[in-house]
Amino acid sequence: MTSQQRVVVIGGGLAGLRLAARLGPAAQVRVIGEESHAPYNRVLLAEVLAGRYAPAVTALPDPGPVLRRGVRAVRVDRAERRVHCDDGSVETYDALVLATGSNPVLPPLRGLFTPGGRELPDGVHAFRTMDDCLALAAAVRPDLRAVVIGGGLLGVSAARALAARGAQVVLAQQAERLMERQLDADASALLHAHLASLGVEIHTHCRVRGLTTTDTATAATPAAARPGPAARRVTGVELADGYRLDAGLVVLACGVRPRTGLARAAGLEVREGVVVDDLLRTGDPRVHAIGDCAEHAGRVYGLAGPALEQADALAAVLTGADATDVARGAGYTGTRALTRLTLSTAGTAGTAGTGPFDLAAFGEPTPLPGDDVVRLADATRRTYRKVVVRGDRLVGGVLLGELSTVGALARGWEGDEPLDDLFHLLTDDGGH
């Protein structure tokens, strides 16, 4: 690739901007970003909602004129190598990178939409973008009853943040425990207890069936002045067992789904995400995909770490790696992803503040037959550490309450190296 070649990146998030920064002057790069906000780190949105960070703290380095903000790509013409945008502009490319991210999952709840409409009722919010975060922050107030639907990583983060703002929070989780994909039963129970200590009311094995709403326009309002289909406000959440939870605010934290519409319409292969090889190429060698929208070796990560690694790997590919280099180990071969979350209410309004509660999970925390499991628990310090060993290899683990050893454990797991002294790794000294 030369400095005369044009690389168009669709998506102005972490992955797209990291790629643009890595390419630098090696190519003419144009990033198309749908959001009008300055670039920000989505990982920090829960801290903004909690009131611990100002939105400015989340800012990513400004890429300057490389980024076109507030512009949406609407069509990819692979034959002509052009990207058509919603403002009528057209970007031509030598290489196209899809970094379109993911959309929040909006569950099929009764009352979520009116027939033929796609407007959420007032008081119902997804939690994915800066606009979502700012809208929630503006809506929440002390003693407002808020229901968070979904007890995964996003739902737990949202529930903690709303509790930090003084809301009366109910967390509805369909599965049997919180963060069931990352945590084992013991770790999830500790997380459950921590959230409960913050005043969060938690319901597991709880399936939400629908929402109840009320019209915000009165009969006395002239028809011409009445709002459209969004003229509804949420009043409650209906559960499958017939129980109803009053709610002035509802957060939909039911997971995310890769944004693949552009790729699908352009005739590229899409399974769960946009299918790519070790060069992060789609079936069209001029089109690549990275980040939340990409599916590599049958896996969509949906995490910041893998997105950044993919951006770095693709930058190397676009600046010279070829199939021969891949055969020698270049390109992208996957990411060993670690999930980390800090739950803290210290210093926020409306809460007593119980200090930080850190958790980390990696690999396979649920053992298979024949695996060895080592656990260390301290009820007084509210710490829990568990690792799963297969043969002489560390294959997974969960740590809660104190993470001084997580760096050493993660390095041993990522390097897939034989274990020398597991107990040393699990003790505080092992992390230094």
Side-chain angles (χ1 to χ4, degrees), residues 1-34 63 66-68 73-85 91-102 258-327 329-335:
M1 174 163 289
T2 70
S3 60
Q4 300 305 310
Q5 292 181 295
R6 293 180 57 84
V7 178
V8 174
V9 182
I10 302 178
L14 276 173
L17 294 179
R18 175 67 160 251
L19 175 63
R22 288 289 185 263
L23 290 176
Q28 297 181 38
V29 182
R30 177 73 78 182
V31 180
I32 301 171
E34 185 172 333
V66 166
L67 173 63
R68 297 184 61 198
V74 295
R75 184 167 65 89
V76 173
D77 184 335
R78 293 197 288 126
E80 298 291 333
R81 300 206 302 269
R82 294 181 177 181
V83 177
H84 296 261
C85 302
E91 297 283 352
T92 60
Y93 66 84
D94 297 302
L96 175 65
V97 181
L98 302 175
T100 49
S102 54
R259 293 185 67 176
T260 59
L262 275 176
R264 195 183 298 275
L268 300 171
E269 183 182 3
V270 174
R271 296 174 190 163
E272 182 183 359
V274 183
V275 177
V276 295
D277 61 13
D278 287 355
L279 288 177
L280 296 164
R281 296 177 303 190
T282 67
D284 181 337
R286 291 185 178 272
V287 181
H288 301 74
I290 57 175
D292 288 6
C293 71
E295 178 179 332
H296 174 265
R299 183 171 183 184
V300 175
Y301 290 93
L303 296 169
L308 295 176
E309 286 192 17
Q310 289 172 5
D312 292 347
L314 181 55
V317 167
L318 292 177
T319 53
D322 58 20
T324 303
D325 297 316
V326 173
Y332 179 71
T333 57
T335 299

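This chain uses plain numbering: 1 for the first residue, then up along the sequence. Fair warning: this is a prediction, and the values are worked out from it, not measured in the lab.
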Has R30 got a side-chain atom pairing as donor or acceptor with R6's backbone, closer than 3.5 angstrom? no
Please report the interatomic distance CG(D292) to CG(L98), rounded to the nearest 0.5 Å. 13.0 Å
If we only count heavy atoms from C-beta on, is the L280 to V317 side-chain gap below 4.5 Å? no
Per the ring pair (Phe, Tyr, Trp, His ring centres under 6.0 Å) rule, what does the pair list look like for residues 268-292, sequence neighbours excluded? none
By side chain to side chain contact (heavy atoms under 4.5 Å, CB included), which residues pair with A307, not counting sequence neighbours? A15
Minimum heavy-atom separation for G273 to V300, with atom names? N-CG2, 3.9 Å
Can you pull the side chain to side chain donor-acceptor pair (under 3.5 Å) pairs that have at least one residue in residues 260-270, sequence neighbours excluded? E269-R271
Check G33 against L67 and note the closest heavy-atom contact, atom names and distance. N-CD1, 3.9 Å
Side chain to side chain contact (heavy atoms under 4.5 Å, CB included) partners for R81, two or more places apart: Y93, D94, R286
Using 0.5 Å steps for rounding, measure from the CG atom of L19 to the CD1 atom of I290. 5.0 Å
Give a yes or no on whether the backbone of R259 and the side-chain of T100 come within a donor-acceptor separation of less than 3.5 Å. yes
Can you find a heavy atom in the side chain of V76 that is under 4.5 Å from one in the side chain of L268? no
Name all residues meeting the salt bridge (Lys or Arg N to Asp or Glu O under 4.0 Å) criterion together with R78; count only those two or more places apart in sequence or in a different chain, and write none if there are none. D284
Could you state the interatomic distance from CZ (R75) to CZ (R82), rounded to the nearest 0.5 Å? 9.5 Å
Output every pair passing side chain to side chain donor-acceptor pair (under 3.5 Å) with a member in residues 293-308, not counting sequence neighbours, ordered by first then second residue. D278-H296
Contact between V276 and R281 at the side-chain level, heavy atoms closer than 4.5 Å - yes or no? no
Flag side-chain contact, heavy atom, 4.5 Å: P63 against V31: no
Atom pair CG/CD of L14 and Q310 - distance to nearest 0.5 Å: 12.0 Å
Distance (rounded to the nearest 0.5 Å) between L262 CG and H84 NE2: 11.5 Å
Partner residues of R22 under the side-chain hydrogen bond (donor to acceptor under 3.5 Å, both in side chains) criterion, sequence neighbours left out: D312
Going by the rule salt bridge (Lys or Arg N to Asp or Glu O under 4.0 Å), which residues pair with R68 if we only count those two or more places apart in sequence or in a different chain? D87, E91
Check C293 against P258 and note the closest heavy-atom contact, atom names and distance. CA-CB, 3.9 Å
So which atom in V66 and which in V29 form the shortest heavy-atom distance, rounded to 0.1 Å? CG1-O, 3.6 Å
Would you give the length of the straight line joining atom CG of L303 to atom OG1 of T335, rounded to the nearest 0.5 angstrom? 9.5 Å
Tell me the closest heavy-atom pair linking A263 and V270, and the distance in Å. CB-CG2, 4.1 Å
